[in-house]
Amino acid sequence: MVAQLISLRWALFANGLKRNVWQLVGVIVGALYVVGLLVLAGVGLAALGTHDLELASIVAVLACALMTLGWLVIPVFFTGMDGSMDPQRFALFPIKPGTLAAGLLLAGFIGVPGVATLLFFWLTSLAYLHEPLALALSLVCALGSALVAQLLARTGTAIATTFAARRGVREVASILLFLPIFFLGPAIASLAENAEAVGRALPGVAGWIRFTPFGAFAGVPASVAQHDVAGALGCLAVGLVTLVVLWWVYSRMLKRAIVTPPRVKAAAGIKGLGWFSRFPATPWGAVAARSLTYWIKDPRYAASLAIVPMLVILYAFIIPNITSEIPQFALILGPLVGMLLGFSISADISYDSTAFALHVLTGVRGVADRLGRVVALLCIGLPLTLIASVVPPIASGSWALLPASLGAGLGTLFVSGGLASVASARWTYAVPLPGESPFKTPQGAGARMALTQSALMVAVAVVAAPAIGLFIATLITGSALLGWLTLVVGLLWGAGVLVLGVRIGGRWMEAREPELMQAVMLNR
């Protein structure tokens, strides 16, 4: 049965590539990129191990620990686990929980991330080329590290999904869970400024990391290479205990997920019409009311709002304390917030899922649909972009830059919203279904989503170039005239792109409604 589950995962992976050409291209490009990085890392470790075995073992332990930690953090915060092998899909099949757990665990290695992880752990063995015993142990312990990484990913995602299924907790978690990752970049920049002190601390850090679940198996060959037999036995004991505990937790959670899947409790009572009573009784008003309800209650939209306070903290407080080379760094906050908020409606039809049938069956015009979604976006995005554009110039005492900041921020918001209105009417991709955990990643979502979103980001930057270019020129020259010109150009150009995007997106939507509905159904 374990072999059948693995073959099923391979069949799903292969068929996904055959069905979606863009996904195949993305997998090939990603695989080539990963292979190149792994080759460089392997050659570097082998060369380092030849000249300084102790330093090479430290690097190997830290690298394996970071990779293991990444498998815990990235699926929980960003990608989730593969939805095609969700344990709840096997609830009606007579499969023993232990067998199902083993099959799903091993099936997790099929795909670019799983194979790359295995190769990475094995390539760290090149650090011990001149220590045969340590080399042999490293090859074996790499399997243990890979299993720990998979178990951490699955247990972490299961716990996050359990909490995310509770009403109220999802919205808070969508904000809090991003905080540690969001500030990782500034933390790395701060460490880079103290590289010498960090270098002196690395041996000690690696020394205790090897006795943690993240670096235990990697610490076994490192200890042997340094002729520390007691340390090697200690690391091996920690690694084995970690495997046993994680397997027990994962098996229990998988069994519970099969028997009692999480359910989202409905609200106790509903009073009034909500946002529908606050918008005109028109098609675009109904769409705006429903979209605004999603913005407030749907955790999948919450990430777009959660990024705003994080950006404020990052650009207004953290980065200025790290570097003084770029004064008034927070002034780019307005355009950045505007771009991200406008970009957030690029998946609105995908998020609608089967509810998009309401638009098709009731004959809502494409322009009304696009306009309603843009109005809902502006109800949320306009105040946030205004705050992000106004506060930095006032806080830094650069009142003369206020018009430029407003023009760039609002112009970018309008341009991003207009282009997103066009893109969402043309391209859809798999997203978590309504009511599902926002941490789940449906099958086939990665490559298409990455390509579509990257292309849209580039298009926003290009189309918003008039406002952004004038804003940069104002920052460089400090000219008040250029600042006011940025405000005028940003508002007029952005509003024009927004209106044009609503019209073009509406026409595309009307012409492609059957295809859009079919794509939404396929992405379920």
Side-chain angles (χ1 to χ4, degrees), residues 34 37-38 41-42 44-45 56-82 101-102 104-128 134 137-160 177 180-181 184 187-188 191 202-225 231-232 234-251 253 439 441:
V34 169
L37 291 179
L38 290 176
L45 271 177
S57 63
I58 292 173
V59 172
V61 171
L62 294 176
C64 290
L66 285 175
M67 174 63 77
T68 307
L69 179 63
W71 272 91
L72 172 63
V73 171
I74 293 176
V76 171
F77 289 93
F78 296 103
T79 64
M81 298 303 294
D82 181 24
L104 295 181
L105 179 64
L106 296 177
F109 289 104
I110 295 179
V112 174
V115 173
T117 300
L118 274 174
L119 291 177
F120 175 83
F121 285 128
W122 274 326
L123 283 174
T124 57
S125 304
L126 296 177
Y128 311 107
L137 288 173
S138 181
L139 291 173
V140 176
C141 290
L143 296 175
S145 298
L147 289 174
V148 168
Q150 277 284 339
L151 285 170
L152 282 173
R154 293 187 174 276
T155 52
T157 307
I159 294 172
L177 290 178
I181 304 303
L184 183 61
I188 293 176
L191 291 175
L202 280 182
V205 173
W208 66 262
I209 280 182
R210 60 178 178 158
F211 293 108
T212 65
F214 301 103
F217 281 109
V220 174
S223 300
V224 170
C235 292
L236 182 60
V238 172
L240 292 176
V241 170
T242 300
L243 271 181
V244 172
V245 172
L246 287 176
W247 174 257
W248 180 81
V249 173
Y250 173 58
S251 301
M253 297 194 72
F439 309 113
T441 299

query: Are the side chain of Thr124 and the backbone of Phe121 linked by a donor-acceptor contact shorter than 3.5 Å?
result: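 Flag set: sc Thr124 to bb Phe121 pair under 3.5 Å.
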Any donor and acceptor pair, going by atom type alone, linking the side chain of Trp122 with main-chain N or O of Leu139 inside 3.5 Å?
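Checking the backbone N and O of Leu139 against the side chain of Trp122, a donor-acceptor pair under 3.5 Å is found.
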Contacts of type side chain to side chain contact (heavy atoms under 4.5 Å, CB included), residue [X], not counting sequence neighbours:
| X | result |
| --- | --- |
| Val115 | Leu119 |
| Val140 | none |
| Ala56 | Leu48, Ala127 |

Distance from [X] atom [atom1] to [Y] atom [atom2], nearest 0.5 Å?
| X | Y | atom1 | atom2 | answer |
| --- | --- | --- | --- | --- |
| Leu37 | Leu123 | CG | CG | 11.5 Å |
| Leu152 | Thr242 | CG | OG1 | 8.0 Å |
| Ser145 | Leu243 | OG | CG | 9.0 Å |
| Thr155 | Gln150 | OG1 | CD | 10.5 Å |
| Leu69 | Leu62 | CG | CG | 12.0 Å |

Practice problem: Report the residue from Val224, Val220, Leu240 that forms a side-chain contact (heavy atoms from CB on, under 4.5 Å) with Cys235. | Solution: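 Single side-chain contact (heavy atoms from CB on, under 4.5 Å) partner of Cys235 among Val224, Val220, Leu240: Val220.
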**Prompt:** Who pairs with Ser125 by side chain to side chain donor-acceptor pair (under 3.5 Å), at least two apart in sequence or on another chain?
**Reply:**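 Partners of Ser125 by the side chain to side chain donor-acceptor pair (under 3.5 Å) criterion, ordered by chain and then number, come out as Ser138.
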Worksheet entry | Results of side chain to side chain donor-acceptor pair (under 3.5 Å) for Ser57 - residues two or more places apart only |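 Applying side chain to side chain donor-acceptor pair (under 3.5 Å) to Ser57 gives Gln226.
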Could you list the donor-acceptor pairs under 3.5 angstrom formed by side chains in residues 210-219, with sequence neighbours left out?
from: Arg210; atom 1: NE; to: Gly207; atom 2: O; distance (Å): 3.1
from: Arg210; atom 1: NH1; to: Ser223; atom 2: OG; distance (Å): 2.5
from: Arg210; atom 1: NH2; to: Asp228; atom 2: OD2; distance (Å): 3.3
from: Thr212; atom 1: OG1; to: Ile209; atom 2: O; distance (Å): 2.5

